[in-house]
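Proteins come first, then strands; the chains are lettered A, B, ... in the order of their sequence lines, and each starts at number 1.
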There are 2 protein chains.
Amino acid sequence: MYRSHTCGEISLANKGQEVQLSGWVQKIRNKGFMVWVDLRDRYGITQLIFDEERSSKELMEKAGKLGREFVIQVTGEVIERESKNPNIPTGEIEILVSQLNILNTSLTPPFTIEEETDGGEDLRMKYRYLDIRRNPVKNKLVFRHKVGMQVRNYLSQAGFIEVETPYLIKSTPEGARDFVVPSRMNEGQFYALPQSPQTFKQLLMVGGMDKYFQIVKCFRDEDLRADRQPEFTQIDCEMAFVEQEDILNIFEGLTRHLLKEINGVDISDFPRMTYAEAMAKYGNDKPDIRFGMEFADLNKLAKNKGFNVFDQQELVVGIAVPGAASYTRKEIDKLIEWVKRPQVGANGLVWVKYNEDGSLKSSVDKFYSSEDLLGWAQQTGAKAGDLILVMAGDTDKTRTQLSALRMHLGNELGLRNPDEFAPLWVLDFPLLEWDEETQRYNAMHHPFTSPKKEDIPLLETNPGEVRANAYDLVLNGNEIGGGSIRIHDKKTQSKMFDYLGFTEEEAKEQFGFLMEAFQYGAPPHGGIAFGFDRLVAILGGQETIRDFIAFPKNNAGRDVMIDAPAKLDEEQLKELHLKLRL
Amino acid sequence: MYRSHTCGEISLANKGQEVQLSGWVQKIRNKGFMVWVDLRDRYGITQLIFDEERSSKELMEKAGKLGREFVIQVTGEVIERESKNPNIPTGEIEILVSQLNILNTSLTPPFTIEEETDGGEDLRMKYRYLDIRRNPVKNKLVFRHKVGMQVRNYLSQAGFIEVETPYLIKSTPEGARDFVVPSRMNEGQFYALPQSPQTFKQLLMVGGMDKYFQIVKCFRDEDLRADRQPEFTQIDCEMAFVEQEDILNIFEGLTRHLLKEINGVDISDFPRMTYAEAMAKYGNDKPDIRFGMEFADLNKLAKNKGFNVFDQQELVVGIAVPGAASYTRKEIDKLIEWVKRPQVGANGLVWVKYNEDGSLKSSVDKFYSSEDLLGWAQQTGAKAGDLILVMAGDTDKTRTQLSALRMHLGNELGLRNPDEFAPLWVLDFPLLEWDEETQRYNAMHHPFTSPKKEDIPLLETNPGEVRANAYDLVLNGNEIGGGSIRIHDKKTQSKMFDYLGFTEEEAKEQFGFLMEAFQYGAPPHGGIAFGFDRLVAILGGQETIRDFIAFPKNNAGRDVMIDAPAKLDEEQLKELHLKLRL
């Protein structure tokens with residue numbers, strides 16, 4: 001026993017008691033005749049006092065030698081503070097130390113270990129164990145644990161069984177790149193680390209497990225974009241004998257549960273929207289519906305009025321920015337610059353100020369009458385005082401660009417309140433997407449997703465129009481989960497592989513075991529998977545995942561703390577039947 | 001919605017209701033005018049009935065075409081059975097089917113999917129998804145889930161935080177072989193899969209997490225022995241500011257909790273024993289204490305009595321086998337044969353029958369008087385009716401051999417009751433063990449284990465005698481967990497690496513980050529790790545782990561269901577900067 005209490009729990013109720021604490025020296029104020037120390041552990045901070053009048057000379061000397069991040073154990077009496085600190089739970093007391101035991105010393109840490117740190121990202125990653133001592137990081141890890149427990153308890157109570165699927169599986173060229181693991185015992189052969197337990201969870205459904213879940217690490221060897229990790233965590237779920245509606249209900253329930261238990265928020269609306277609707281209204285398959293600015297199609301109103309720029313375009317589309325009619329020319333120019341950046345790539349913006357006095361002023365006054373512009377205002381839902389912004393071009397591209405602008409304005413105008421939560425189902429995703437590079441269709445979700453029955457004939461005539469029984473769960477503009485009702489018969493699955501350009505041989509080699517399993521009584525089934533890192537970050541009111549991961553990797557896939565990956569001994573390579581090709 | 005109820009929940013209380021069920025056809029009895037079907041899902045079996053008098057012709061025909069493992073959906077009325085089956089919860093009712101929907105057909109399964117199967121191990125592994133449909137396998141997976149939930153809830157309530165540590169880490173030549181993962185983005189470099197999160201959990205303690213746990217996959221590229229898996233699951237735990245006693249108390253609590261909640265067993269005794277005592281009393285560092293037959297040292301009583309065979313040996317040691325004085329000569333010869341097998345390797349057995357009438361008869365009557373033998377009986381605790389078995393030889397070897405015999409007799413005599421649970425702490429393990437092959441000392445637990453303070457001087461003079469602050473948790477003769485108080489200062493850790501034959505450079509390259517972390521205020525800490533697969537198996541009353549793992553690998557490390565590992569494309573190898581060396 002190194003302590004009778006933690007540093008977060010002592011209050012005036014303990015006044016007069018002798019207590020024992022252990023922790024880290026966060027701060028020292030040494031006035032010579034008196035020394036105050038802030039002692040920190042996971043649970044909080046307690047103030048220690050050493051006092052010339054009440055402490056031995058030896059103790060005063062020892063206290064004087066303490067440094068930041070020393071690990072100490074103290075015994076002392078709980079006394080009432082003279083100047084109380086109402087900001088922390090232990091702020092009314094301090095410990096008059098009678099015994100001090102230095103458990104370990106510390107070098108001066110490379111950055112300050114407090115709420116705000118002076119350490120840059122690289123330094124914090126190299127000394128991640130020191131970064132974790134800081135409340136903002138530590139609290140995120142504790143938060144992650146709490147979310148995980150809530151997920152597990154909810155699903156377990158709903159009859160789901162957590163089943164561990166294997167990590168050493170088989171590489172499939174489909175989709176992203178696999179990380180592979182050479183086998184020493186099977187010369188020239190490799191395992192692959194799972195990109196997801198997709199086929200295994202489907203086999204568990206064939207195996208009658210009925211309701212499966214797993215919180216599980218997955219791996220993807222991609223060129224890393226910001227905020228992507230080569231290893232990430234998934235809440236993976238699958239159910240048998242279900243239709244889409246059953247899955248939506250269960251996981252709407254989970255989402256409500258988490259928002260209630262973790263964030264204390266009761267969700268009233270849990271809307272649903274088709275993919276087509278989401279694209280038309282928000283230009284985005286994961287719209288943030290905490291705020292409006294819905295897209296208005298202006299094709300009818302804005303074309304063929306003599307403004308050549310619009311006439312030639314596939315889509316003219318606008319949004320009403322609330323209260324922005326007062327923007328100066330400079331502010332509007334800044335927005336125009338913003339959309340012209342290569343990251344957005346728009347040609348420009350047409351703007352219409354719908355002034356408070358009801359007058360209308362636009363950048364295209366030459367071509368459109370006030371009446372025309374009033375029509376635009378009605379269509380976009382603009383009210384007096386709003387600013388209408390309009391883009392034109394190819395439908396898909398323009399929607400994407402306007403969506404970027406909408407999100408940008410949402411941020412700028414403070415409409416994306418991190419304490420507000422707006423979940424949304426997006427349904428009826430396309431089954432296939434066209435890949436320009438390979439000039440063929442790929443599965444948008446994955447090759448196990450079932451097409452909508454009524455769209456199956458379109459597979460022959462217009463594959464891009466086929467809708468899938470696929471759904472995404474969106475929270476505050478982030479896709480937090482996605483899933484589908486799967487194909488469960490061999491014939492349809494074979495046909496799907498065929499559509500996707502697999503030869504029969506390839507399909508057999510990669511997914512033969514699944515196709516075989518489908519011949520032995522596969523039940524109808526479907527599921528969903530959540531990106532756990534992102535879910536936790538969003539519930540935590542953040543958009544970057546890195547600090548919700550204890551030991552993240554950098555953008556080159558390196559762990560800079562342990563310095564991995566690293567070279568292997570020649571001996572080890574030999575055992576694995578490998579040579580480097582450098 | 002494919003069902004209104006599951007196949008495990010309908011009873012007479014539902015009589016007269018129309019219900020909808022989905023599941024697999026387990027059994028069909030077709031009398032022509034009547035067809036009975038046992039419909040199975042994860043939750044149970046419900047009997048369906050199709051009846052010429054009450055069902056349409058079309059329905060009778062459809063029912064007649066059903067085959068084993070077809071997936072069907074039925075609607076029908078709950079009626080009372082004429083001949084009830086008291087062995088299953090749904091045994092009082094059956095469903096008079098009005099609608100039958102065949103959701104999927106099935107080929108004839110390669111083995112019967114019932115409690116007892118005719119499928120051999122290989123076939124069951126290839127079609128594991130069918131094997132999982134069988135109750136004995138399915139129930140073990142559900143059981144595993146329950147144990148996992150209990151572990152998580154207990155530890156979480158005790159203030160432990162589950163933190164996910166990385167899977168892509170760094171290879172260390174120490175200990176067992178690592179599985180490695182070539183990095184595409186870092187040419188010529190490799191990650192390694194963790195053999196355990198040992199260093200990361202220690203870094204979390206340096207990081208102030210205070211109480212950490214994780215249920216986590218670990219990997220070891222060993223030549224597989226029976227019942228070992230290349231990937232296995234660990235309950236990994238670590239605590240800061242603790243002494244050994246604190247850890248023993250917490251995890252004694254966890255063990256009691258699991259035995260209570262999972263097995264309904266209240267444990268009264270939770271004994272502790274030193275390693276030295278365990279070896280002397282049971283010849284084993286994981287003794288099964290559900291039964292006695294403790295070793296008795298007979299050196300004083302049996303040596304120097306003219307029996308040359310004993311005189312020359314280091315140790316003469318015996319056990320009393322309860323009630324076995326009645327063994328025939330043949331039965332005793334069988335035991336002698338058993339210990340002479342190469343797997344045990346003993347030279348033989350000396351036996352003494354302590355007959356019911358108080359007389360003594362032995363294989364060494366020539367050398368020992370009845371009085372001598374009575375002394376042996378007293379020493380071994382034999383009572384009239386028992387058989388005393390004695391071995392002699394080198395201390396370590398002989399203890400191991402006698403331990404094997406003791407366990408064999410425990411099994412033979414039915415003393416190892418799977419419904420009885422006897423946990424035990426074994427303490428004070430040696431710090432080092434001598435490796436004949438490399439002619440040096442290795443860490444018995446791992447190089448981070450702290451030596452007992454009072455034994456540190458022995459490191460210079462008699463390293464083999466140094467005891468560690470290391471402990472194992474033993475349940476029914478199986479090591480289910482092991483841990484230690486760690487070294488937490490750089491100096492001692494460096495010294496330890498030195499003792500273990502690491503050069504300074506090697507230590508730095510492999511564990512530099514840990515040594516560096518120790519310089520920034522590492523707290524005293526320690527922990528434990530449980531083999532989750534084995535823990536679950538033992539709580540489930542079994543000794544083999546394979547059926548508690550959803551998708552196990554065979555002894556060659558292969559997943560025969562998905563046929564992994566497998567060859568890679570040349571393209572993939574190129575991207576990874578690798579060539580095969582075949």
Side-chain angles (χ1 to χ4, degrees), chain A residues 2-3 22 24 42 69 71 104 106-107 109 129-130 132-133 141-142 145 149 156 161-163 166-170 179 181 183-186 188-191 203 206-208 210 217 221 231 241 513 517 519-523 550-551 557 561-562 564-568 577-582, chain B residues 2-3 22 24 42 69 71 104 106-107 109 129-130 132-133 141-142 145 149 156 161-163 166-170 179 181 183-186 188-191 203 206-208 210 217 221 231 241 513 517 519-523 550-551 557 561-562 564-568 577-582:
Chain A
Y2 277 87
R3 58 194 173 195
S22 290
W24 286 265
R42 186 182 113 198
E69 300 308 317
V71 186
N104 214 340
S106 174
L107 300 180
Y129 46 87
L130 297 179
I132 290 173
R133 281 191 203 156
L141 297 180
V142 175
H145 164 67
M149 288 301 296
S156 184
I161 302 296
E162 185 161 29
V163 179
Y167 278 76
L168 296 172
I169 64 167
K170 192 172 171 173
F179 282 105
V181 180
S183 167
R184 181 178 53 85
M185 291 208 283
N186 301 273
Q189 300 189 13
F190 295 75
Y191 302 98
L203 291 173
V206 177
D210 207 79
K217 273 279 175 79
D221 184 12
E231 51 177 301
F241 300 113
F513 56 96
Q519 295 183 288
Y520 291 99
F551 300 101
M561 181 185 71
I562 65 169
K567 287 190 180 149
L568 287 192
H577 324 287
L578 291 178
K579 266 190 240 178
L580 297 183
R581 181 196 315 240
L582 298 179
Chain B
Y2 277 87
R3 58 192 173 196
S22 290
W24 286 266
R42 185 182 112 198
E69 300 307 317
V71 186
N104 215 340
S106 174
L107 299 180
Y129 45 87
L130 297 179
I132 289 173
R133 282 191 201 153
L141 297 179
V142 174
H145 164 67
M149 288 300 296
S156 185
I161 302 297
E162 185 161 28
V163 179
Y167 277 76
L168 296 172
I169 64 166
K170 192 173 172 173
F179 281 105
V181 180
S183 167
R184 182 178 54 85
M185 292 208 283
N186 300 273
Q189 299 188 16
F190 294 75
Y191 302 98
L203 291 172
V206 177
D210 206 78
K217 272 280 175 79
D221 185 11
E231 50 177 302
F241 300 114
F513 57 98
Q519 294 183 292
Y520 290 99
F551 300 101
M561 181 184 71
I562 64 170
K567 285 188 180 151
L568 286 192
H577 325 288
L578 291 179
K579 265 189 240 178
L580 297 183
R581 183 199 307 246
L582 298 178

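When the candidates B:L107, B:L203, B:I132 are compared by the number of heavy-atom contacts under 4.5 Å with chain A, B:L107 comes out ahead. Counting heavy-atom pairs closer than 4.5 Å to chain B, the top residue among A:R184, A:K170, A:K217, A:E162 is A:R184. Options B:A550, B:P166, B:P109 differ in how many heavy-atom pairs under 4.5 Å they form with chain A, and the most are formed by B:P166. Contact count versus chain B (heavy atoms, under 4.5 Å) is highest, among A:Y520, A:F551, A:F179, for A:Y520. Taking A:V71, A:L141, A:L168, A:I169 one by one and counting their heavy-atom pairs under 4.5 Å with chain B, the maximum is reached by A:L168. For the options A:F513, A:Y191, A:F241, heavy-atom pairs under 4.5 Å to chain B are most numerous at A:F241. Comparing A:R581, A:H577, A:R3, A:K579 by heavy-atom pairs within less than 4.5 Å of chain B, the highest count is held by A:R581. Taking chain B as the reference chain and counting heavy-atom pairs below 4.5 Å, the highest number among A:Q519, A:K567, A:E69 is found for A:Q519.
With a threshold of 4.5 angstrom between heavy atoms, A:S183 approaches chain B through side-chain atoms but not through N, CA, C or O. The part of B:L130 that comes within reach of chain A is its side chain, from C-beta onward, which places non-hydrogen atoms under 4.5 angstrom from that chain. Using a 4.5 Å cut-off between heavy atoms, B:M185 contacts chain A through its side chain alone, with no backbone atom that close. Interface residue B:D221: backbone and side-chain heavy atoms are both found under 4.5 Å from chain A. Both the backbone and the side chain of A:M561 come within contact range of chain B, with heavy atoms under 4.5 Å apart. If you measure heavy-atom distances from A:V163 to chain B, the contacts under 4.5 Å come from the side chain alone. For chain B, the nearby parts of A:L580 are the backbone and the side chain; heavy atoms of each come within less than 4.5 Å.
In this structure, B:V206 and B:A522 approach most closely via the heavy-atom pair CG2-CB, 3.9 Å. Of all heavy-atom pairs between A:W24 and B:G521, the closest is NE1-O, 2.8 Å. Of all the heavy atoms in A:R42 and B:G208, the pair that sits closest is CB-O, 3.4 Å. Between A:S156 and B:H145 the shortest heavy-atom distance is OG-NE2, 3.0 Å.
Between A:Y167 and A:V181 the shortest side-chain heavy-atom distance does not fall below 4.5 Å.
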